[in-house]
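One structure below.
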Amino acid sequence: EVKKHNPNAVVFIQTIYNPYHNVTISLSGVDETLDMSYYGDKAVSRLNEPIKSLAKENGYEVVAVYEVFQSAKQTLINAGFDVSSTRFSVDPHPNAMGHQYIAELYFNVIKQKNVTEGQND
């Protein structure tokens, strides 16, 4: 729709990160653990596949948030166990560091797109 109004517009779409990366749930008295990371990856992979595969055909740039979040050494989401407060959270949103990573990733992708196309603004 954007391209209809401005054919020169550059559209960026990000992959979806796994909000439960490295999160497992264990219940006392139950021998099994629930690997939230595994189930999150299954769902997120199904969502990310068309984002990546349709980019060229639909004329948008992909920002690889999933890959960056997966390889990060720091905790970038709110979900998980907070040792300092001894509380467990299922909040799927990025924490402050996660937002910083996303902003830097967009900045780098936009900067690279400008360099590639010879734009300097």
Verify same cluster id: M97, V68 (apolar side-chain graph, 4.5 Å): yes
Out of curiosity, T15 OG1 to K52 NZ, how far, rounded to the nearest 0.5 Å? 6.0 Å
Quick one: are T75 and N22 in side-chain contact, heavy atoms under 4.5 Å? no
Give a yes or no on whether V2 and V63 share a hydrophobic cluster (residues Ile, Leu, Val, Met, Phe, Trp, Tyr; joining criterion: side-chain heavy atoms under 4.5 Å apart). no
With the side chain counted from C-beta on, respond yes when L76 and H21 share a heavy-atom pair under 4.5 Å apart, and no when they do not. no
P92 to Y17 - nearest heavy-atom pair and separation: O-OH, 2.7 Å
Residues at least two apart in sequence or cross-chain that pass side chain to side chain donor-acceptor pair (under 3.5 Å) with Q74, listed by chain then number, are Y101
Same cluster (ILVMFWY, side-chain, under 4.5 Å), V44 and I51: yes
Once rounded to the nearest 0.5 Å, what's the spacing between atom CD of Q112 and atom CD of E61? 10.0 Å
Using the rule that two of Ile, Leu, Val, Met, Phe, Trp, Tyr join whenever any of their side-chain heavy atoms come within less than 4.5 Å, decide whether V109 and V11 are in one cluster. no
Grab the two heavy atoms, one from P19 and one from A79, that are nearest each other, plus how far apart they are. O-CB, 3.4 Å
Can you check whether N108 reaches L105 side chain to side chain, under 4.5 Å on heavy atoms? no
Taking N48 for the side chain and I16 for the main chain, is one N or O donor matched with an acceptor at less than 3.5 Å? yes
Taking a hydrophobic cluster as the set of Ile, Leu, Val, Met, Phe, Trp and Tyr residues connected by side-chain heavy atoms closer than 4.5 Å, whether directly or through intermediates, do F12 and V65 fall within one such cluster? yes
According to the ring pair (Phe, Tyr, Trp, His ring centres under 6.0 Å) rule, which pairs have a member within residues 38-64, sequence neighbours left out? none
Note: A55 and V62 closest approach over all heavy atoms is CB-CG2, 3.5 Å
I would like to know whether D41 and Y66 meet side-chain contact (heavy atoms from CB on, under 4.5 Å); could you show each step before the answer? CA-CA 10 Å; D41 269 339; Y66 172 83; 2.9 Å; yes
Of all heavy-atom pairs between I102 and P94, which one has the smallest distance, and what is that distance? CD1-CG, 4.0 Å
